[in-house]
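Computed from a prediction, not measured in an experiment: that's the story for all the values here. Lettering follows sequence order; numbering is per chain, from 1.
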Amino acid sequence: MKKLFGLILFMGLGVLIILALNNTISFPKFGSVDLSDRVADAYLDNDNVSEVGSANIVTAIVVGYRGFDTLGEVTVLFISALGVAFLFSFKKEKRLDLKFKPNFMLKHGSKLLFGIMLVVSLYIITHGHLTPGGGFPGGAIIASGVLLLYLADDKFRSNIKGFKVLEGVAGSLFVIIGLLGLILATSFLENFIASGTVGQLLSAGIIPIIYVLIGLKVGSEIASVVDNFLTEEESA
Amino acid sequence: MIVNILVGIGIALFGFALQTSIGGINRKIVGRLQKRHGPRWYQEFIDIFKLLSKRGISHGWIYDFGVIMALGGIIATAMFMPLTVDIVAFKQFDNFFIFVYLLAVGMLGMAMSASGSGNPWASIGVMRALTTMLAYEVPFLIVALTIINVSDSSSLTAIQAFQQTAGNNWFIIALPLGGLVGVLSLMGMLGKKPFETYIAPAEIASGPMVEYGGKQLGMLFILHEISVFIEVSLFVHLFLGGASNIFIFLIKYFTVYTVVNLISNVNGRFKIDQVVKFFYKWPLLLAIIQAFIAIYLGWVI
Amino acid sequence: MIQYAAILLFVLGLYGIFISTNTIKMLVSLNILEIGLNIFIISIGFNYQGIAPILSSVSDTGLIYVDPLPQALVLTAIVIGVGTTALGLAFAKSIYQKYQSFDLNDMEESL
Amino acid sequence: MANIEYLLLFLVGSAVISYFLTRLNSFIGSIFTIFATMFVFVSLAAYGFNMNLDTTVSLLPWFSFSQTYLGFFFVIIIAFIYLMVSFFHPYFLDKYPYKNSYNLLFLLSLAGIIGAFYTDHFLQLFFFFEMIIWTTMFLIPQGKSREAAVSYFGFSLTGSVALLIGIFVIYQNVGRFDIQAGLAGISGTTSVFVFVLFMIAALAKLGTFPLHIWLPLAHGNAPHPFSPVLSGALVKLGAFIGILALIKINPIGPVIGAIDLALGQYIIAFIGSLSIVFGTLMAIKEDDAKKLLAYSSMSHGGYILVAFSALNGFAFAGGLYHILAHALASAGAFMAIAAVARATGTTKMKELGGMIHKMPITYLAYLIAIISMAGIPPMGGFISKWLIFQAVIDRGMILIAVAVFFGSVGSFLYVFRPLAALFLGQEFREYKHVKEAPLLMLIPTFIIMGLNIYTGVIPKQIIDFINNIIGENTAFAPVVATTFTVTATYGTLNAGLIALIFGVGVAIAFIIFILMKKSRKVELMDTYTAANFVHDEHLLHYSVDFYAPLERMYEKQSHWMKKFYDALAHKVKEVGKLAKYLFMSNNIGVTLIWILVIIVLLIGVVAL
Amino acid sequence: MSAVLLIAIPLLAAFISILFKKYSIYLLFAVTIFNIANVFLATEGIIIIGGFSPPLGISLLVDTYSKIALLLVNALVLVIAALNVKAYPKYGTILLLVVAGLNGLVLTNDLFNFFVFLEISGIAAYLITASNKKPITTFRYLVIGAIGSSLFLLGLIILYSMFGTLNMVDMIKEIALNNNYQELVLPFTLMFIGLGVEAKLLPFNSWVKGILGHSNTFSGPMIASVYASAMGFVLGRFITNLFNFEGMLLTVVLVILVAGIVLSDIMAFASKKSREILLFSSVAQASMIALLFVNGIIIWAVYLIIANALSKTVMFMIINKAQKDVGSDEVKSLQGLFANNLVIGIIFTIATLSVMGLPLLVGFTIKLNFLTELADAGQIWTIAFILIASVVEGIYFVKLLLKLWYPEGNLIKVNYHLSFKLVFAIIALALLTFGVYQAPLDKLDNTVDTVMEVVNNG
């Protein structure tokens, strides 16, 4: 009874929001968005594009125009990983003994597959400013590779210390680049390297560098989160 | 100033003598009522002087000081009392409230010495006296309020003069309900039969006078006589239009005292809370109605 | 049309949290909510004639692009969703360690 | 040339010094407090009488002071009571848990009082008002009960909150916080609204009928030397606010034809009379002497309210005179009880008796205090009551008159009760060792005795000062008074003459007494007990349920008000629990529902 | 020394601190001290990030208003971390992120960036409350916090779709041009609820009872004063500049806030646990602050935030320390706490009296002034309700105080570290002196300019 009542109530809320959105004139109908009166128009303007130098405008926004957001967002991931580690900080950990025991083929096949996944993720990270994708998807692929290894081999423990160091270094480098921007150029996270020609690999100034750092950082953080979830207190 | 004081003392003495003799006469009347002769008319003088000559006991300095203060207070009240419109000790200072509150000083003195005597029954007697006072005082004051409001002055001589002027008649007629309440509260003040639990002779064991004897009791008798004189003459001035000369005053005084005495002889005796319940039921209601009629509607007969 | 579906998904997420007492179910409905929200964000920038905002070269002007900003925002929103869910699961796991059950109702001490 | 601001700073400074001195040794600390209060009182009296206290402000720029006769009248009374009570500190302070903070808070509250009556800015009035409240609130629990302090604070806070809302309503209408201009500036319905709010504040501080629960609790349980201050001085703050409301604002509501008095005034007079009757009845029933005196100051608060709401010159003068007379009388009575409590350790009438033999001077002080309290001639109480009676009769308010007369006669009953129970009657064995109060404590008792008599016999100087106040604040005609007489609508009262004649009467009675034979001294136990010999003096002491027949009549109804406020507090707790269930429940669904409700409400409303 | 360092340096320190776990707490002290110094040196006005002119990139806004907020937040974090350094050493990194998050919240001039920082500080708050060892309450806080921020994001996106820009200053100009308030109700409601959850306004704060009810000397003050004041400042900025409610929305918001004050005071009156009393009083203060902002009384709301933050830190720390030693925070079991530690007693009393708003203390001056401003705005009914709530507040605080001062039965042994006493004494003295000596309060009055001025003069 409560479920039905709740469902009706919340669906009513949804309908109400939809109705409210409908009769607000300045809210553009779905699909008929003209970019002219939006700030996005400036992003697509030719000389701006060439000034930032990144073909993929979304990456230009994510790391270029709104780089500060991304810094904040990376911190979010950093603090979640830190939090998860903080909650499960045991003296001695050991792998969670799952009921599923992997066989020989799976254990070694997965190592091969991990190599391929690593290459794909590196490609995606480095070509962030040209093709769709970038630091975050690349990082996610690294982490899923690590997850694959965990699942495939129930004794496998990734090098947590290494990931921590990588995470710290990548993060600090990201901020240091920002500070360099402040020192060399006028403002924090400003592009102080020539942005080159749009479409080339070595274009868009500091954006690819930052994206690589982000990729590494995201990969290591999610990997350490995976490790935390798959380990438990060593009942000595 | 000295002359006024002497006149005042004279009035007080006259009051004492008047009341004691009328008291004696009334004893004879009541005796006659009960088919006996009753004692000599000066019997009360004899009692008082006999007591004064006796050697009583004293329970400490407060026991004596209380009696002295009580008698002093009553004498002071009596000195203020006007006998007729022109025989009064202090011309325009005979304010109505002085009588009500100086009486209270007398009552306080007696209460102090009674409690000071150490006998619990004396304290119980004092409690009864005070409770009865609470009972009869309020309706009486309400009627007095009406009288003062109507006669536009609170000094007794002015109230007498108001009643004696041509147009208006005595307040007992002008304010009938007020008069009735006045009589009832007078009986309460005098401690006459229905409300006399606190000084009733039968209840001597628990009356305030239980520990007294000798000169203290004598002085308290004097006190009783003078306070009766004050209360009755107060009633006379307020309700019976006072007196233009001394004889009218004596006649009125005698009639009032004997009438009240006769009424009291046929009544039983209330318990203390019955007294309070009675006074706060009918007399207060009548007094309020009388005041309402007199002040708001202006119907003064 | 997708916009309405996104809002309904958002509201469904809210409904999910409202009725469930199991911590994991709550986190799942929280994710549904966030997915609905992300779809809504994307739908803001959509244009029927628009193409993806990747420029093949500097010269091609006159093409209509889809609004790139919501896509950038959704990127961040998704990652934030991941962060919160990860932490939520961590807390759910510590609750499980302490009370041996995921259901909020039968935690014995009333809070 | 005393400056008010320096006085305040001096007081705050001496408060802090007294804190440290009392830490060293409570005797020195208290002596210092005495000198501090004495200095303040003397400088106030010397310069204040003819209004040439310097009100320039240098150190505290945002305060502004102005002198008024009305303000000075209150300040001088309260400062005097503070001085008298400070003599008691050396003997009482050691027994209190936080004794060093006692002097500090005592002097701070005095500073608050001086500030409150000298300021002409509403917010500063509120500032000093609140300061007095919280400093005294911390003094009360040093006595016996915490609950008293909580109820005291609760009611005073309600009062001061009502005052603040009133101040803001005035500010909204008049635009300025100046007291005189503000009160004059409002009219019509706002003046009625402000009148009601100010009256709530006055009733709360005076402890009159509807808001009186804290009075017996606070006075009964406050530390012994603090009760006189509480009842003599702090209650008068309410009277000051009452004057502001009744005299200054004086809303023009519908007028009751017969007694041509505005309805607002009549309601306040009715409340005053209710509190007289209620106070008297509760006092007659009370067993603890201090609680009894607390109920008496409640009924005297009622008198003050009736006086100020009768709106005629004599009533206003009577009210002010009554404030003075009651302050002295209740301070004297409370100090006597404090002296007895110090010697015997209890104020319950059951456990006391026969103190007169060991503490005659305290007895005398108490006697004179209760004579004035009961309004019996030679003392000040009689003149103020007489003036109030004149006004009540002149206006012809019958119901109020019933209550006023009942109060005056009833006060005679309940003031006599502690006299009989504490001082007179049998002398208890356990109090044999009791000695009279030390000399330092007797000085204030003598002074107050003298003042009680002085206010009763020579009204001239007081009436003249009151005429200044009347002239300053109201349009009534000043009261005509020569050295001994006071004239009102219905005749003149020669207070001096009454005292003289009373003296003559006593002299005559004394002569009669001396002439007769000396009576034999008999000790108290040897009394006429109709042959059943009682050897234990406790049994011979009649003090419990003194007015039994009277008390039986209203036994049941006497707890109504207390039950009402307990129920109120309970209701609020219920609402609290409901709110906690509604808003703070453990499952998140409730919060979601609230979010949903608010969104639907807002969008739905806007869309429609 | 641009203001962006206030965010960048703590982040850098946080990333570095996970490498050397041990020194994280000292790194925190260094960073907070640097921040406080930097606040004084930072240049006012709009600071661009990433080199792009405002509507494109993200920009920060620094004015006196945000400077006060930064100062308060950083100083409080420094004090609380210093006092808890022995009890909770491991929280260095998290505190660094808290500092970064809150500074970001206060400084940012971009709506989406605000959402990101809201999320950072939210997650950091979940971790701080994890120290209460009560995972259920933290879980509940996480879920409600996540819902709140998603609502905020939804409102934000609707605003973007309507006006096309995310920069707050531009957004205000666009809204001014559009001036059709009818449309703005939906986004503003969603954003108000989102902020309301975090700022503990009444209908949305069911998580507060769990979190602060079981708080300890570290998480209690952090949530009750640091987060409360940061959210107070942020809520103020949104209400005064972006929302400026009108019409039906204004009345409903006013009703919510006033009901919030009155009901939370009544709830405090009905609760027996000392921490519950304190948390309901801080909920009441939060609604009061929001009410002041809605009525446009900015300067006194700022002072109220500061005073409330200071006194709540002191009160929560004292009560939590006592609770830890005594084991239960029932008022009965804490009876007579101050009997043998007098200094702490006096400090606690001064703090409580300041919260209640009694004379000689800063609370009183603030209360009187904002009531005068309310009277100017003609809100007599709001004043009446606030004052009635303050009566109820006065009674339950006095009951608490008197119970704590006067022992019944056995004396409880609670000792406070000297550093506790020293820091609290300074705070109490500040409350006392500013109560009596009001000149500096008025001086600051005219220097606080809102985003509006910045918007007008570019």
K.L.:
Between A:V76 and E:V116, which heavy-atom pair has the shortest distance, and what is it?
P.N.:
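Residues A:V76 and E:V116, closest heavy atoms: CG2-O, 4.5 Å.
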
K.L.:
Quick one: which of E:L127, E:V185, E:I58 has the most heavy-atom pairs under 4.5 Å with chain A, could you say?
P.N.:
E:I58

K.L.:
Does any backbone or side-chain atom of E:A100 lie under 4.5 Å from a heavy atom of chain A? Answer side chain, backbone, both or neither.
P.N.:
neither

K.L.:
So which heavy atom on A:R66 is nearest to which on E:N113, and how close?
P.N.:
NH2-N, 3.9 Å

K.L.:
Measure distances from E:L166 to the heavy atoms of chain A and classify the residue's part below 4.5 Å as side chain, backbone, both or neither.
P.N.:
side chain

K.L.:
For A:I176 and E:F15, what are the C-alpha separation, side-chain angles and deciding distance, and is it a side chain to side chain contact (heavy atoms under 4.5 Å, CB included)?
P.N.:
CA-CA 11 Å; A:I176 287 160; E:F15 292 141; over 6 Å; no

K.L.:
Can you measure from CG (A:L82) to OG (E:S17) and round to the nearest 0.5 angstrom?
P.N.:
7.5 Å

K.L.:
So which residue, E:I49, E:I120, E:D170, ends up with the most heavy-atom pairs under 4.5 Å with chain A?
P.N.:
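Option with the greatest count: E:I49.
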
K.L.:
Less than 4.5 Å to any heavy atom of chain E: does that hold for the side chain of A:K217, its backbone, both, or neither?
P.N.:
side chain

K.L.:
Heavy atoms only, distances under 4.5 angstrom: which of E:L11, E:T165, E:I16 has the most pairs with chain A? Name it, please.
P.N.:
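Heavy-atom pair counts peak at E:L11.
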
K.L.:
With a 4.5 angstrom heavy-atom cut-off, is it the side chain or the backbone of E:D110 that approaches chain A, or both, or neither?
P.N.:
side chain

K.L.:
Shortest non-hydrogen contact from A:L87 to E:A130?
P.N.:
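For A:L87 and E:A130, the tightest heavy-atom pair comes out as CD2-CB, 4.3 Å.
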
K.L.:
Any side-chain hydrogen bond (donor to acceptor under 3.5 Å, both in side chains) involving residues 143-153 of chain E? Give me the pairs, sequence neighbours left out, ordered by first then second residue.
P.N.:
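Those involving residues 143-153 of chain E are E:E119-E:S149.
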
K.L.:
Quick check for you: among A:G83, A:A20, A:G67, which has the greatest number of heavy-atom pairs under 4.5 Å with chain E?
P.N.:
A:G83

K.L.:
Does any part of the side chain of E:V4, heavy atoms only, come nearer than 4.5 Å to the side chain of A:S187, both counted from C-beta?
P.N.:
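Of all side-chain heavy-atom pairs linking E:V4 with A:S187, none is under 4.5 Å.
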
K.L.:
Decide ring pair (Phe, Tyr, Trp, His ring centres under 6.0 Å) for E:Y91 and A:F86; before the verdict, give the C-alpha distance in whole Å, the side-chain angles of both, and the deciding distance to 0.1 Å.
P.N.:
CA-CA 9 Å; E:Y91 281 82; A:F86 182 72; 5.0 Å; yes

K.L.:
Are the side chains of A:V175 and E:I9 in touch, meaning some heavy atoms are under 4.5 Å apart?
P.N.:
no

K.L.:
Please flag which part of E:L186 lies under 4.5 Å from any non-hydrogen atom of chain A: side chain, backbone, both or neither.
P.N.:
side chain

K.L.:
Under a 4.5 Å cutoff for heavy-atom pairs, which residue among E:S161, E:G57, E:A8 has the most contacts with chain A?
P.N.:
E:S161

K.L.:
Quick one, A:F68 with E:T108, criterion side chain to side chain contact (heavy atoms under 4.5 Å, CB included). Give me CA distance, side-chain angles, the key distance, then yes/no.
P.N.:
CA-CA 10 Å; A:F68 202 57; E:T108 178; 5.8 Å; no

K.L.:
So which part of E:L159 gets closer than 4.5 Å to some heavy atom of chain A, the side chain, the backbone, both or neither?
P.N.:
neither

K.L.:
Would a 4.5 Å heavy-atom cut-off, applied to side chains only, mark A:F188 and E:I47 as touching?
P.N.:
no

K.L.:
Got a second to check how far A:D69's CG is from E:F114's CZ, nearest 0.5 Å?
P.N.:
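If we round to the nearest 0.5 Å, A:D69:CG and E:F114:CZ are 13.0 Å apart.
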
K.L.:
Please classify the contact of A:I61 with chain E as side chain, backbone, both or neither, using a heavy-atom distance under 4.5 Å.
P.N.:
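Neither the backbone nor the side chain of A:I61 comes within 4.5 Å of chain E.
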
K.L.:
Can you say whether E:F112 sits under 4.5 Å from chain A via the side chain, the backbone, both, or neither, judging by heavy atoms?
P.N.:
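Its backbone and side chain both get close to chain A.
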
K.L.:
Can you measure from CG (A:L189) to CD1 (E:I48) and round to the nearest 0.5 angstrom?
P.N.:
13.5 Å

K.L.:
Side chain, backbone, both or neither: which part of E:L96 has a non-hydrogen atom closer than 4.5 Å to chain A?
P.N.:
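Contact with chain A involves no heavy atom of E:L96 at all.
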
K.L.:
So which residue, E:F117, E:F115, E:F163, ends up with the most heavy-atom pairs under 4.5 Å with chain A?
P.N.:
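When all of E:F117, E:F115, E:F163 are compared, E:F117 has the most.
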
K.L.:
Heavy-atom cut-off 4.5 Å, strictly under: side chain, backbone, both or neither for E:L5 against chain A?
P.N.:
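The side chain, not the backbone.
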
K.L.:
For chain A, find which of E:M162, E:K90, E:E183 contributes the most heavy-atom pairs closer than 4.5 angstrom.
P.N.:
E:E183

K.L.:
Non-hydrogen atoms of chain A under 4.5 Å away: do they reach the side chain of E:L19, the backbone, both or neither?
P.N.:
side chain

